[in-house]
Amino acid sequence: MRFNKSKKMKVLFAFKESPNENLFVYTLRDALLTEGIEAKCSVDDFWDHYENYDIIHFHWLMGHIPMFSPEDLDKFIRQLSIVKTRCKIVVTCHDLKPHYSTNKYLNLALNHLYEHCDAMIHLGQYSYDYFASKSDRKIKHYIIPHHIYNKLYDFSLDKLVARKQLKISSDANVLLCFGSFRSDVERNLVLNAWEKVKLPNKYLLAPGFYRVRRNIIIGYKQFVQAIRYRLLGVHFNNNFIQHDMVEKYLCAADVLMIQRAEILNSGNLPLGFHAQRVVVGPNVGNVREILENTGNPTFDPHDIPSVTEAIQKGFHLKETNLPQRNHEYAMRNWNVSKIACEHIGVYKDIIIKNVNE
């Protein structure tokens, strides 16, 4: 590949064009466009028009793929080999492996991508150290943190107004667990810890805690479970929370909890910081590094008393200047324009490296 410096750089995010799925890719794409980079989201172009681009940038292996067959794996490996003859391959390390995936072909495809890319972008030091020490020396590693969605949200909605709209008492102590709960392990982690938290007017707001499936065979069992969770005081929504509701939920909350037992990164962390909230999360992966460095509480996800203590501490810290400091940290370090410029630096670095070689 030869890069013509007089032409605009062209970047393809090998990710399907469906903005309702994940804001990370589309907000980054839009910020790159603002900075003068020709950027596009498309899976089809990876297969059919890759030669039009200088950089092919992967996130979550072209989106969240539920099924991946042996034929899919072979096809992907062949295509990646062809694409590498014309383009530079960049991958953002969102996960060490697909979330709770038992599909070995999907895992093999992701591992192949990690092993045959030109550059890996990490959202924190943990994954940088994990991969840089074991990957091929030809792969360049960079750290660029998760950006905030400051072009979409300003989190200016008054807390009392947000609570009135969500029918939450003005004097409630609200713990928000945002995003889908991926297993009963995560549900039990939150419920068992929250039960022991000593606060008046406790309110557990967890819109993605449980979703009843509309299936006659399994629907009855799930319906009974849903009633049980309601009786335990969990306030959840049976439907996906649209992006325009994000601000309302975060503005209504006092503390945001990242409810993962296993995690590398979390988009809820920058959301919480941006919304000027204390964030409580597990002491694992890149999440631990950021929370500990900024003074936000962490917990051992395998020790319920530790989780309870972290939540309790979070409600104490909300009365300090930590929420404001979190917001300032996010605006200073994670605003999307700054992060887009850091990505451009990576793209130029690996292209120049190729030209020099």
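- In this structure, Lys313 forms no cation-pi arrangement with Phe315, as its terminal cationic atom is not both closer than 6.0 Å to the ring centre and no more than 45° off the ring axis.
- Checking Asn286 against Asn265 by side-chain atom types alone, a donor-acceptor pair falls below 3.5 Å.
- Ring to ring, His147 and Trp334 are not that close: their centroids are 6.0 angstrom or more apart.
- In terms of heavy-atom proximity, Phe299 sits nearest to Ile258 at CZ-O, 3.5 Å.
- Taking hydrophobic clusters as Ile, Leu, Val, Met, Phe, Trp and Tyr residues chained together by side-chain heavy-atom distances below 4.5 Å, Leu12 does not share a cluster with Leu33.
- Both Ile148 and Met245 belong to a single network of hydrophobic side chains, linked directly or stepwise wherever heavy atoms of I, L, V, M, F, W or Y lie under 4.5 Å apart.
- In summary, the side chains of His274 and His327 do not present any donor paired with an acceptor at a separation below 3.5 Å, with no hydrogens or angles considered.
- A donor-acceptor distance shorter than 3.5 angstrom exists from the side chain of Asn268 to the backbone of Phe178, with no hydrogens or angles considered.
- Using modelled atom types and a 3.5 Å distance limit, the side chains of Tyr203 and Asn173 yield no donor-acceptor pair.
- Using a 30° and 60° split on the angle between ring planes, Phe13 and His57 fall in the tilted class, from 30° to 60°.
- A salt bridge links Asp349 and Lys140; the closest N-O separation between the charged side-chain nitrogens and carboxylate oxygens is under 4.0 Å.
- Among Tyr26, Phe58, Phe24, the one residue that satisfies the ring-ring contact (aromatic ring centres under 6.0 Å, His included) test with Phe15 is Tyr26.
- Using a cut-off of 4.0 Å between Lys/Arg side-chain N and Asp/Glu carboxylate O, Asp72 and Lys75 are scored as not salt-bridged.
- If you check the side chains of Asp44 and Ser42, you find no donor sitting under 3.5 Å from an acceptor.
- A salt bridge is defined here as a Lys NZ or Arg NE, NH1 or NH2 lying under 4.0 Å from an Asp or Glu carboxylate O, and Lys338 with Glu342 meets this definition.
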- Message: ring-ring contact (aromatic ring centres under 6.0 Å, His included), that's the test. Do Phe131 and His141 meet it? Break it down for me.
- Response: CA-CA 8 Å; Phe131 281 101; His141 294 266; 7.0 Å; no
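- A donor-acceptor pair is defined here as one N or O able to donate and one able to accept, closer than 3.5 Å; no such pair exists between the side chain of Arg29 and the backbone of Lys40.
- The cationic atom of Arg230 (NZ for Lys, CZ for Arg) does not lie both less than 6.0 Å from the six-membered ring centre of Tyr210 and within 45° of the ring axis.
- By the 4.0 Å N-to-carboxylate-O rule, Asp254 lies close enough to Lys159 to be salt-bridged with it.
- The CG atom of Leu264 sits 7.0 Å away from the CG atom of Leu123 when rounded to the nearest 0.5 Å.
- The same ILVMFWY cluster, assembled from side-chain heavy atoms under 4.5 Å apart, contains both Ile139 and Leu80.
- Remark: the Asp45 side chain and the Asn52 side chain contain no N/O donor-acceptor pair separated by less than 3.5 Å.
- Residues Thr34 and Ser337 form no side-chain contact, since every pair of their non-hydrogen atoms from C-beta on lies 4.5 Å or further apart.
- Results of the side-chain contact (heavy atoms from CB on, under 4.5 Å) test with Leu269 over Leu256, Leu291, Ile263 single out Leu291 as the only residue that passes.
- With respect to the salt-bridge test (charged N to carboxylate O, under 4.0 angstrom), the residues Asp54 and Lys10 do not qualify.
- No donor-acceptor contact under 3.5 angstrom links the side chains of Glu289 and Asn293, judged on distance only.
- Proximity of a side-chain donor or acceptor of Asn283 to a complementary backbone N or O of Arg288 within less than 3.5 Å is not detected.
- Put simply, Tyr50 and Trp47 are part of the same group of oily side chains (I, L, V, M, F, W, Y) that touch within less than 4.5 Å, one to the next.
- Side-chain atoms of Lys198 and Gln312 form no donor-acceptor pair, as typed in the model, at a separation below 3.5 Å.
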